[in-house]
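To find a chain, count down the sequence lines: A is the first, B the second, and so on, and within it residues start at 1. Just so it is clear, the structure is predicted and the values come from calculations on it, not from any experiment.
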Amino acid sequence: MQEYEAIIGIEIHVQLRTNTKLFCSCPAVYTDEVNTNVCPICQGFPGTLPVLNEQAVKLAVRAALALGCKVNSTATFSRKNYFYPDLPKGYQITTCEHPIGENGIINIDNRSIRIRQIHLEEDSGKLIHMKDESLVDLNRAGFPLIEIVTEPDIREPKEAYIYATKLREILRYIGVSNADMEKGELRCEPNISVHIKGEPFGTRREIKNLNSIKQVEEGIRYEIERQIYMLKKGKTIRRATLLWDEKSKITKEMRRKETEEDYRYFDEPDLPVLCIPHSLIKEQEKQIGELPDDRRDRMLKQYGLEKKDIDILVSRKALADYFEGVMKNSNNVKLTSGFILVELVGFLNERGIKFENNPISQDKLSEIICLMKDGIITRTVARNLLPRISERGSPKQLVKQLGLEKIEGEKELESIVKNILNKHPDEVSRYKEGKSGLFGFFVGEVMKTTRGKANPKVVGKLLKKIIG
Amino acid sequence: MENLSALSIPDINCLIKKGDIKVHELLDKAYKTIEQSSLNTFITLLKEESYKKADDIHLRIKNGEDIDILTGIPIAIKDNICIKGHRTTCSSRMLDNYVSPYTATVVERLENKGAIIIGKTNLDEFAMGASTETSFYKPTKNPYKHEYVPGGSSGGSAAAVAGLETVAALGSDTGGSIRQPASFCGVFGLKPTYGRVSRYGLVAFASSLDCIGPITNNVADSAILLETIAGPDSMDSTSIPEDVPRYYDMLTNEINNVTIGIVRGQLMDIIDKDVADVMEDFIKGLKFTGITLKDVTIEGFDICIPVYYIIATSEASSNLARYDGIRYGWIGNTKYDTLNEMYEVRRGVGFGKEVKRRIMLGTFCLRSGYKDQYYDKAIMVREKIRMSFEKALKDVDVLLLPTSPTLPFKIGEKIDDPVSMYLMDLCTVSISLSGLPAMSIPVGYQKGLPVGLQIVGRRLEEGTILKICHFLEKNGLASSNIENL
């Protein structure tokens, strides 16, 4: 049996988080009404010239450094010439021929994926297809992008998934991009070829229109299976660009590439050679801070949490920062991580609030956790406090005001428990007949009556004592 | 009041300040001359706006405000330079209906000093040509002999200045497009150092060569215009950051210790006798001025034409890719079935023959597999050419050589022979490739047609060129009044 192997490389375009576009002062916002964030320069009007956005260079350098690239002291802009209605100048300005960074690396599990280069370039506009015409929106034209190109080091669809996830995490950590794939802030274009092990590589096919990292994995898996099927049938694989169809989960040929497209690259005469001074590189090194991998290692050691929880915390910088901030005062790893990951995240999700916009300050949450830790309130009360915490006053005062302190006194609770049992004679007799599941019902009723303040352990003990 | 436009800008400024002339009268005179002229110099006139500005200036003068030297001076602008709210056609059907949404830096700077832009002048389509014959709006005529070309591509600007339809004009020069028409029309035309004047708002032909400069009836006017339009511009990343000297204040009647390098050698083999004779005559005159003359040899003029045409057309093929009729420009009224068909029809009809020829030439030169043989090699040779000019300018202050290898030719004579038309650029493109400043000055005439020579300076030494040219003008060796020579 012949063994097939897939060779996968990935090109990722990432929109940089700058205020303005790469070559003009239009706001870098494309969610506004079509063709509103445009000017003569980004619309390619005759006689206009590009002026480079320095912030974009800084972010590109920061990304290159974070991905372990060597940053070149100079980069040259080239023109990539091709005709398409969403490309107002008829060429794209890019540093792809003389990139900002080269020879980087991303570690995934036990393997390394080499990064060939990172270059800075401008985005194109967007076509909007109507019934019998197509319209052009140039809000996105001239957005700053970095393109991150790997060597063909990826072998499995899962590796592509991990690579893209890690890359996105790093880019968000260092603050160069929001890297939201659904919004097109991160676009992942894998190219795949399949060959029989030991034989020369096969023909590359590229997939576009993948709208999530999961789809990247799915698309690659589909394409590998398809190519193997073709090869087994003795068919040749043609070079092509494929479009991923999200609904039917298949790829469709967008255009066939008979030969390598000729972009007639030449140096952009409207821009001088870009010099990247050592001071800029040093300054950006400082901006990077702790990268996710390092943070995972450190937090694992420092807090002794389970790897699963660390992974979730570190996956979002805001979440990890918040946890560590709360920990400073709460000093209880289990309570803090559990409460943040379950109660707080749940609370925010229910309300559709992004973690980055979390209204509950670190101080207030650590106070709540301390109240729990000191046995003053129950976890249920703590959770119920969350919606009211943004009100003024400290959680401590709030607890006092509302009388939410935990009820632990057996005497006090015993009368409440008895009261509940008296109210539900049917359930009691059914329980005694063997319906043991009703135990939880009694606990729940007690909690309801006490608005969550009863210590559930004490309640359980009392119930056992009274009804056996 | 006759030939008012023949006065220099400082003269007119004096008259305006003294109240001897009103700006309105200047405009009346200019527009009357234009309307009576058959030279076909202007594509668009900005009459209404001009008179409105004249009203403003009149009020300012009445209020005793001090006015700048350029205030109220009528200036014509080549129609590949943008002015907000007005057509910028580049003499192309492609941009026949195109109205620019912004104003070029040079125009802004002129207007800030009170100059009045009276209209936009004819040119070869997208500045590609040496005769103004490739214009969509018909050729401009040479003011000296109407059946002859005015040169190009800034033929409209040069003819308008020579025909006294405007006091001065701006042109653009990629491979000689200011200097050659200045020579053919018997006026002064200055191509500054590449990057000295902002290109923002100049419709690109070949971005690494394009320069904007003045075309005038005397050296002083060129100095005044250059010091107004030159200088760094945040909108043009290739503009040179150095401050601009006060060129006009540098002009004196005396000059000392000046050495002019005379470029003959190989070049003279290719120059027509009519032109060579004028140059030798001029050199004889130079000997009585106290200027030191020195023979200078620069080899490789013959290689400059192919190098220039490879670089210029390569850049042009990319610069002109934006004309697809999607956002602006000519769209026709056909419905297209495919994208390629749309590009084919719009670009096929919208562009003229010469523009399409150059786009194809440039596209070919940049193709992978050919680029290293053509474009890359041309870039290397360009550097050699630049170095040989730099070397030649080490021992002399300026160089002297012809502007055009021939006298003006007849309209229609060369239009079907592109190669002979390209050879018209023989003396100018090498200087463009070197990025150096050069001024064409009118020094004589043959067979009733003007002949110009070029004075080439070191990088950013426009001041030296202007000083020497002004001195030559004052000594009767150069004049736009060529009958006086």
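- Heavy atoms of other residues, nucleotides or ligands lying less than 6.0 angstrom from NZ of K356(B) number more than 12.
- Atom CZ of residue R264(A) and atom NZ of residue K371(B) lie 11.5 Å apart, to the nearest 0.5 angstrom.
- Aromatic pair F45(A)/Y102(B): centroids not less than 6.0 angstrom apart.
- Counting heavy-atom pairs closer than 4.5 Å to chain B, the top residue among P272(A), G90(A), P269(A) is P269(A).
- Only the side chain of Y194(B) comes within less than 4.5 Å of a heavy atom in chain A; its backbone stays farther off.
- By the 4.5 Å heavy-atom criterion applied to side chains, R327(B) and V38(A) are not counted as neighbours.
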Inset, instruction - Please lay out, stage by stage, how Y328(B) and Q43(A) fare under the test side chain to side chain contact (heavy atoms under 4.5 Å, CB included). - result: CA-CA 10 Å; Y328(B) 51 80; Q43(A) 292 181 95; over 6 Å; no
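- When heavy atoms are compared at a cutoff of 4.5 Å, V51(A) approaches chain B by way of both its backbone and its side chain.
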Legend entry - Evaluation steps, side chain to side chain contact (heavy atoms under 4.5 Å, CB included), between E268(A) and S208(B): CA-CA 9 Å; E268(A) 166 58 278; S208(B) 76; over 6 Å; no
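- In this structure, chain A has a heavy atom under 4.5 Å from the side chain of I326(B), while its backbone stays farther away.
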Inset, instruction - Any chance you could lay out the side chain to side chain contact (heavy atoms under 4.5 Å, CB included) test for L49(A) and M235(B), step after step, and finish with the verdict? - result: CA-CA 7 Å; L49(A) 298 168; M235(B) 300 304 279; over 6 Å; no
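- Remark: the backbone N or O of S368(B) is paired with a side-chain donor or acceptor of D262(A) at under 3.5 angstrom.
- Residues of residues 81-89 of chain A placed with any heavy atom under 4.5 Å of a heavy atom in chain B are listed by number as N81(A), F83(A), Y84(A), P85(A), P88(A), K89(A).
- Within a 6.0 Å radius of CD in E383(B), other residues, nucleotides and ligands contribute more than 12 heavy atoms.
- R322(B) contributes atom CZ, which lies 5.0 Å from atom OG1 of T48(A) (distance to the nearest 0.5 angstrom).
- Residue Y200(B) touches chain A through both its backbone and its side chain, counting heavy-atom pairs closer than 4.5 Å.
- Heavy-atom distances place the side chain of Y323(B), and not its backbone, under 4.5 Å from chain A.
- The number of heavy-atom neighbours closer than 6.0 Å to CG of N97(B), taken from other residues, nucleotides and ligands shown, is above 12.
- When each of G329(B), S234(B), P101(B) is scored by its heavy-atom pairs under 4.5 Å with chain A, the top score falls to P101(B).
- Both the backbone and the side chain of F266(A) come within less than 4.5 Å of a heavy atom in chain B.
- For residues 307-319 of chain B, the interface with chain A (any heavy-atom pair closer than 4.5 Å) comprises S314(B), E315(B), S317(B), S318(B), N319(B), sorted by residue number.
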